[in-house]
Each structure stands twice: as C-alpha cells, then as structure tokens.
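Working notes, structure below.
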Amino acid sequence: MSAACATGAALAGRCVVVTRAEAPDGPLGTKLAGQGAEVRHWPVIQISPPADPKPLVRALESLTQYDWIVFSSPRAVAAVTGRIDGLPEGVRVAAVGDSTAECLLEEGWPVDLVPREFGSEGLVAAFSEADFAHGANVLFPASSIARATIPDGLAGLGARVDHVVAYHTATASLDSAACLADADSGRLDAVTLASPSAVTGLRTALGEMSFVRILSQVPAVAIGPTTAGALHEIGMAPAGVADPPTLDGLVDAVVAVITAGSN
C-alpha cells in the first residue's frame, strides 16, 4: 500500500481546480486538500446581493401568503435566512438536494421535501408525485441567472410561482493564458464544476477556444446531473458526475476519475 493510501490522501500529488466562488480555505478546497490534493482556485463567478432587493424584501415580508418556499442552492438559503428571523408557521420548505437541505437545517429551518432524484427536474417530479403544486402559492428565491426549470415546471403543475432574485451571479475574470499554461503543462488532473453557472462562467471567462482546449485535456467533474447537463448542452461531456450531488460527493467523484485515469 502506498503512503498516500495509508494516510487516506487519495489525491496526494494531484492538482485539482476549484471553480466555485469560495475563499482559498473554502469548503470544497478544504475537502480536496484533506485528500492530499494541490488546489488551484479559478473562481469564475462572483456573488453579490441583488441589484434591486425590493422584490425579495416584499416577498419575505408577505411570506405567510405562500404555501411553499423552494430553495435550489445553499446560497439562496443564506440570502433568505440572513434577512428574516425564522419561518412563519404554515409555510413548507423544499430543497433541491441534500446540501441545500443541510444548510436549511443548520439555520434551524424545517425541510418538508427533498426529491429522491436531486436536481431541478427531480424537485418538480417530487411535487408532481405528491400533488403539492396544484393551487399552491410558491416562492422561489434564486440566483439572477437561475434556470427556469423549477418555476416553469411548478407553474405547469398548477402552482402560482413568484420567482425573485435572492442574489446576483456574475462572471469573474480569469487569466486565460495562465490557465492554458497550466493545462498544457500537464499539471492539472481535474477541473471541478459545482453548478451550471460555473460551466457558463468558465466558458465566458476563458473564451470558447481556451475553454474547449482545457476541458479536452483536463477531466471535468460535475457536482450532479444538472451541472452535467449544462456541459452536454454545449457539446462537452463530464469525466465524472458526483452521486450524491454534494461537495463530498464531488470529491469522491474526483478521486474516482483520477484513480481510473491512472489505472
């Protein structure tokens, strides 16, 4: 058994790119470093409060008028729970997956629905199976660039959905020449993508030619089927997809991809 395996450092000597917006000591980078990886941070998105917070403020002030509040990301949870003291009685809460549900529970909020199949499509399917949507008033606080899958899907099931911006997502700048140099050198072993916006942000920040060139050389690992779908939509295929779609699952998927590539 190698020293890396003996210490549990499955990624010792490997270099993994983190594209999500987090500090150098952020959760994904810390988990990867805990497995022995050298972490390169390419933050391709910037998160900020909504340019116009009034729609969110008004919705939260009238939260008792809603039957459900639906969360599709931990950042949406933080944006909402940071503005109000607690959840009014009678309002039920849905989360798109375990990571989002865990954030809600950490804030002391109940979670009434988490789909068996994590992701936006899975959440809509869970509402359909339980017949929770018809006639329901639903608040969907989300990113400024959130996909319409959830609000459109729930509206199609008969819900009245208020889709409000809870936080603003913008593309950050990257030194594409430096990123290309890293990829061309063979120093990179995987690029992690923790959201569909990370796919879009990386593509925009690098430019189309550099984006395709890098992901043709370095395995891309997606946090779940929704993010994998964002890659497929632009003609790219992930080398691995986390299951479950959590940060821990993403780290496990990186380990699996790199291990398979070295065999």
Side-chain angles (χ1 to χ4, degrees), residues 20-21 45-171 194-198 200 224 226-227 245-246:
R20 76 191 300 265
I45 56 175
Q46 295 176 325
I47 305 299
S48 59
D52 179 8
K54 291 191 291 293
L56 176 62
V57 171
R58 286 195 296 266
L60 296 179
E61 287 175 346
S62 58
L63 196 51
T64 54
Q65 298 178 19
Y66 294 98
D67 302 295
W68 286 90
I69 181 169
V70 174
F71 292 97
S72 61
S73 71
R75 287 196 174 95
V77 173
V80 168
T81 58
R83 288 182 178 271
I84 59 176
D85 292 332
L87 183 71
E89 187 175 349
V91 181
R92 291 189 283 183
V93 180
V96 76
D98 276 352
S99 294
T100 302
E102 287 170 8
C103 290
L104 285 160
L105 294 173
E106 287 172 2
E107 294 293 335
W109 283 42
V111 180
D112 299 286
L113 181 66
V114 180
R116 290 189 300 273
E117 296 292 331
F118 296 162
S120 300
E121 291 82 359
L123 186 63
V124 173
F127 265 88
S128 178
E129 291 169 8
D131 194 24
F132 285 151
H134 186 72
N137 292 319
V138 178
L139 176 61
F140 179 57
S143 164
S144 58
I145 60 171
R147 297 163 67 225
T149 304
I150 288 175
D152 286 358
L154 295 181
L157 295 173
R160 292 180 292 276
V161 184
D162 284 342
H163 182 180
V164 298
V165 174
Y167 59 96
H168 181 69
T169 303
T171 301
S195 66
S197 60
T200 304
T226 303
T227 302
T246 61

Return all side-chain donor-acceptor pairs below 3.5 angstrom for residues 142-165, not counting sequence neighbours, or 'none' if the list is empty.
residue, atom, partner, partner atom, Å
Ser143, OG, Ile145, N, 3.0
Ser143, OG, Thr169, OG1, 2.8
Ser144, OG, His168, ND1, 3.3
Ser144, OG, Thr169, N, 2.9
Arg147, NH2, Glu121, OE2, 3.1
Arg147, NH2, Thr149, OG1, 3.3
Arg160, NE, Asn137, OD1, 2.7
Arg160, NH2, Gly135, O, 3.0
Arg160, NH2, Asn137, OD1, 3.2
Asp162, OD2, Tyr66, OH, 2.5

Do you know which two heavy atoms are closest between Pro74 and Thr100, and how far apart they sit?
CD-OG1, 3.5 Å
Ring-plane angle category for Phe132 and Trp68, please: parallel below 30°, perpendicular beyond 60°, tilted otherwise.
tilted
How close do Ala94 and Phe127 get, counting heavy atoms only, and between which atoms?
CB-CE1, 3.9 Å
With Ser195 via side chain to side chain donor-acceptor pair (under 3.5 Å) - residues at least two apart:
Ser197
Tell me the salt bridge (charged side-chain N to carboxylate O under 4.0 Å, His left out) pairs involving residues 60-70, sequence neighbours left out?
none
Could you give the side-chain donor-acceptor pairs of residues 49-58 under 3.5 Å, partners two or more places apart or in another chain?
residue, atom, partner, partner atom, Å
Asp52, OD1, Lys54, N, 3.1
Asp52, OD1, Lys54, NZ, 3.0

When rounded to the nearest 0.5 angstrom, what is the spacing between SG in Cys103 and CG in Asp98?
11.0 Å
For residues 106-120, run the donor-acceptor check on the side chains, cut-off 3.5 Å, and write out each pair with its distance to 0.1 Å, sequence neighbours left out.
residue, atom, partner, partner atom, Å
Asp112, OD2, Val93, N, 2.8
Arg116, NH2, Glu129, OE1, 3.1

If the condition is side chain to side chain donor-acceptor pair (under 3.5 Å), which residues does Ser73 pass it with, not counting sequence neighbours?
Tyr167
Distance-only donor-acceptor hits, side chain of residues 82-91, under 3.5 Å, sequence neighbours excluded:
none

